[in-house]
Amino acid sequence: IALFCDWDGDGTDTVGLYRPGEGFVYLRNSNTLGFADLDFFFGIPTDVPVCGDWDGDGVDTIGVYRPSERRFFLRNSNSLGFADIDFAFGLVGDQPLAGDWDGDGVDTVALYRAANSAIYGVAGEVWPVDGSGQLVVGDPDGDGRDGFAGFSDGVIRWRSGDAAQQLIRFGTAGSVVLAGWWS
């Protein structure tokens, strides 16, 4: 599973890879060809990866959501070890997300619930989203607050905070959208 976060705190998101079924993490600090700069084990085979800056230090780190327990395990360093943050949240079938929803420089987790096309934050927030297509998290307007987009049929339907939806034609049907700060 591809991940894109700022693993070294230099302000640029770079590629990471979480190998489902194994729990191995491979992180690269540049978007160039080469071997992983960091590799370690975190989680169990059924975990779903997330990444974010959980402690506000400017460095994104790995986390996992364990669907069987409806529980998050988040690390504050990209290394082998136990979770620094561990809590239960959500319902069976929820899909994990992470972002800086309020612009305070600290990422928090949220869960997408397909049954009602809504995203639930840990502080009790509920955000309705377009439930069709691929869900993407990012900050397209640069205000420091992450928002949500749905992508299908070559159109990104972006919603940031309380702002209205913005439609962006990008890619083609069948494309996969990735969000990040690349430069």
Side-chain angles (χ1 to χ4, degrees), residues 1-8 10-22 24-34 36 46-53 60-65 67 72 89-103 105 107-122 125-183:
I1 297 172
L3 301 167
F4 293 94
C5 276
D6 184 0
W7 310 115
D8 60 3
D10 68 355
T12 301
D13 290 335
T14 54
V15 70
L17 178 69
Y18 185 83
R19 217 172 252 179
E22 299 174 8
F24 283 100
V25 180
Y26 302 93
L27 308 177
R28 188 110 171 96
N29 288 325
S30 64
N31 289 314
T32 59
L33 183 64
T46 57
D47 289 347
V48 179
V50 293
C51 59
D53 184 358
D60 291 331
T61 53
I62 194 72
V64 294
Y65 180 67
F72 279 95
F89 180 52
L91 301 175
V92 172
D94 287 348
Q95 298 172 21
L97 306 166
D100 184 356
W101 318 120
D102 59 7
D107 290 323
T108 55
V109 297
L111 291 167
Y112 170 66
R113 191 162 298 151
N116 62 350
S117 295
I119 296 174
Y120 294 83
V122 292
E125 311 93 339
V126 179
W127 299 287
V129 293
D130 177 355
S132 64
Q134 176 191 350
L135 188 63
V136 181
V137 173
D139 180 11
D141 58 8
D143 69 356
R145 292 175 34 183
D146 285 321
F148 311 101
F151 174 75
S152 61
D153 300 324
V155 176
I156 300 172
R157 291 163 183 83
W158 199 268
R159 180 178 188 87
S160 184
D162 297 326
Q165 269 195 352
Q166 177 184 10
L167 300 180
I168 303 166
R169 295 217 174 272
F170 186 79
T172 60
S175 296
V176 174
V177 173
L178 305 170
W181 189 259
W182 313 117
S183 60

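We count residues from 1, following the sequence as given. These figures come from a predicted structure and were not determined experimentally.
Checked by atom type and distance alone, the side chain of Asp146 pairs as donor or acceptor with a backbone atom of Asp100 at under 3.5 Å. In this structure, Arg28 contributes its side chain and Leu33 its backbone to a donor-acceptor pair below 3.5 Å. Proximity of a side-chain donor or acceptor of Asp53 to a complementary backbone N or O of Asp107 within less than 3.5 Å is not detected. Using a distance-only test at 3.5 Å, with no hydrogens or angles considered, a donor-acceptor pair links the side chain of Trp7 to the main chain of Val15. Checking side-chain atoms of Asp139 against main-chain N and O of Gly144 turns up a donor-acceptor pair under 3.5 Å.
Atom-to-atom distance recorded for Tyr65:OH and Gln95:CD is 10.0 Å, nearest 0.5 angstrom. Taken from CG in Asp94 to CD1 in Ile119, the straight-line distance is 11.0 Å, to the nearest 0.5 Å. We find the CG-OH distance between Leu97 and Tyr120 to be 13.0 Å, quoted to the nearest 0.5 Å.
Of all heavy-atom pairs between Val126 and Ala118, the closest is CG1-CB, 4.1 Å. Scanning all heavy atoms of the two residues, the minimum distance from Ala110 to Gly121 falls at CB-CA, 4.2 Å. The heavy-atom pair separating Gly16 from Leu27 by the smallest distance is CA-CD2, 3.9 Å. Of all the heavy atoms in Leu3 and Tyr18, the pair that sits closest is CD1-CB, 4.2 Å. Across all non-hydrogen atoms, the minimal contact from Gly52 to Cys5 is N-SG, 4.1 Å. Of all non-hydrogen atoms in Leu111 and Pro96, the two that sit nearest each other are CD2-CA, 3.7 Å.
Counting heavy atoms from C-beta on, the side chains of Phe148 and Tyr112 never come closer than 4.5 Å.
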Show the numbers, then the answer: is there a side-chain contact (heavy atoms from CB on, under 4.5 Å) between Asp60 and Asp13?
CA-CA 9 Å; Asp60 291 331; Asp13 290 335; 4.1 Å; yes
